[in-house]
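Per chain, numbering begins at 1; letters A, B, ... match sequence-line order. The analysis underlying the following values was restricted to heavy atoms, covering all of them including side chains, and did not include hydrogens, waters or symmetry mates.
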There are 2 protein chains.
Amino acid sequence: MGEHGIQFDLNSDLFIKDPQTSSYGQKLLSASILLFDDLGFESFTFKKLAQAISSTEASIYRYFENKHKLLLYLTNWYWEWVGYLINIHLINLEDPKKRLKVVIHQIVNASNESPLTPYVNENILHKVIIQESSKAYHIRDVDKENKEGLFESYQTLVDKVACVIKRLSPSFAYPYMLASNLFEMSNNQIFFAEHLPKLTDIKNNKDKYNKLEEAMCHMCFKILN
Amino acid sequence: MGEHGIQFDLNSDLFIKDPQTSSYGQKLLSASILLFDDLGFESFTFKKLAQAISSTEASIYRYFENKHKLLLYLTNWYWEWVGYLINIHLINLEDPKKRLKVVIHQIVNASNESPLTPYVNENILHKVIIQESSKAYHIRDVDKENKEGLFESYQTLVDKVACVIKRLSPSFAYPYMLASNLFEMSNNQIFFAEHLPKLTDIKNNKDKYNKLEEAMCHMCFKILN
DNA sequence: GGTAAATAGATAGTAATACTATCAATAAAT
DNA sequence: ATTTATTGATAGTATTACTATCTATTTACC
């Protein structure tokens, strides 16, 4: 049961058995991130994942109902992690402007932080989130799964950011819209820079995360002035 | 070959045979919009579509390689249509502010315009775009398909909007980012209002499109001042 | 250290999906 | 009236997304 690093408390309807709690499960998570990155959601199968960890399909089905739930688990883990980083960086920071700056920095640049767990490569997970996370909620059963709380980590995180926005600008009418848009915009614009460059002003070079952060700060503070 | 209504010139790699050019193809399009809306992309199959138009799988495969290409065809059609509406409403309109207002109105409210074609229900197509369009480009082969020009309609449209932004505010550094974000934001916030209300300030009532338009205008003009 | 309980491996099987191929029937174009 | 293009009917294959069962191996704990 070798427990390593931090663990997040994720909604228990996401999994059959929480992979964070066993070394097999941690291997599963670790390999699934690499494989989602490699194959994309559509080509990813439990059979291929089983091969990657020298295991069997049946064993993986003991942890997750299907690959959708696995992706949802990873996205929830990711948002919990970003929320955790934001919390840490907001401690003892009172200035509302600086607080929002820190939030935007963490949204865009979280994956450059030092790793928290041996079995999650946050950097590659971020890539997976950019490419695949929208598929986790653009589904037929979104209402049912929302009732079950399967998107809670994201909603809590958006609420956290909305509160930072409200503290800076209490009269602003759309704090939740702006907050969720910050997350969606960040993912989209990185994706566009990498794949559909005509849809963004961000160039696909090393500096892109910093440039994006700058752009998002610029727009955000204009909106809130 | 009964040709009805307007036709858009879509990239020929989207289809094997352009469905706009035959009455069978038009029936196919018409039914596919309803079926995507009904089932969602994942549960949609060519077999079910064939049943819906009393035809066979094999016949549908003569028009489209797979359901991904069909969805991509519909999204391109949709963006061509929005572009067409924007063009019409910008004729003889010189004031840069009013031009941007019209653009935002069309992005959010296009589906309330009077229908252009008998075989496309633009209103339901808009719903499909909101729910499914992001899956059309979040794919492994995005770079290859982009080279083939399969996302051209969207890129042209974003460029059109970016130009309207530039005319209003020539010194603004991120016109493409803002333009693509207007489209993505519009779809996302409607989706959130309907399914994940904690992520937005827009309430899910009749007025939501107008409220969203108002919110987007407010933020957009703040950014460009 | 020994035994029960939990976990993982191995294998098999099924229904549905995503196609491809072939040939006959029908509608359109000349 | 006849060639040509289009659609229908049917069959077949590999892969996917599971479920079930039984055995082997760890792990927990007394």
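Comparing D:dT7, D:dA9, C:dT17 by their closest approach to the side chain of B:T56 singles out D:dA9. Taking every side-chain heavy atom of A:E57 into account, D:dC18 is the closest of D:dC18, C:dT17, C:dG9. If you check C:dT17, D:dG8, C:dG9 against the side chain of A:S59, the one that comes closest is C:dG9. Which of D:dG8, C:dA8, C:dT20 sits closest to the side chain of A:K17 comes down to C:dA8.
Distance B:L39 CG to C:dT17 C1': 14 Å, rounded to the nearest Å. Atom CD1 of B:I60 and atom P of C:dT20 are 14 Å apart (whole Å). To the nearest angstrom, C1' of C:dA16 lies 15 Å from CG of A:N66. When the C1' atom of C:dC19 is taken as reference, atom CZ of B:R62 falls 13 Å away, rounded to whole Å. Nucleotide D:dT16 holds its C1' atom 13 Å from the CD atom of A:Q51, rounded to whole Å. In this structure, the CG atom of A:L71 is 17 Å from the C1' atom of D:dA17, given to the nearest Å. A:F64 places its CZ atom 13 Å from the P atom of C:dA8, with the value rounded to the nearest Å. For the pair A:L70 CG and D:dA17 P, the interatomic distance rounds to 12 Å; values are reported in whole Å.
Side-chain N/O atoms of B:S55 include none lying less than 4.0 angstrom from OP1 or OP2 on D:dT7. The phosphate of C:dG9 (OP1 or OP2) has a side-chain N or O of A:Y24 nearer than 4.0 angstrom. A:Y61 has no side-chain polar atom (N or O) that falls below the 4.0 Å cut-off from OP1 or OP2 of D:dA20. When the side-chain nitrogen and oxygen atoms of B:Y63 are compared with OP1 and OP2 of D:dT7, one or more of them lie within a distance under 4.0 Å.
Position along DNA chain D of the nearest nucleotide to A:E65 versus B:G25 favours B:G25 as the more 5'-ward residue. Map B:K67 and B:A58 each onto its nearest nucleotide of DNA chain C; the residue landing nearer the 5' end is B:K67.
The minimum heavy-atom distance between A:K135 and B:H138, with the atom names listed, is NZ-O, 2.6 Å.
Taking the ring centre of A:Y119 as origin, the terminal cationic atom of A:K27 falls outside the region bounded by 6.0 Å and 45° from the ring axis.
The distance between the ring centers of B:Y176 and A:F192 does not fall below 6.0 angstrom.
Side chain to side chain, A:E213 and A:N109 meet the donor-acceptor criterion of an N or O pair below 3.5 Å.
Screening B:F44, B:F15, B:F46, B:Y73 against B:F64 for a ring pair (Phe, Tyr, Trp, His ring centres under 6.0 Å) leaves a single residue, B:Y73.
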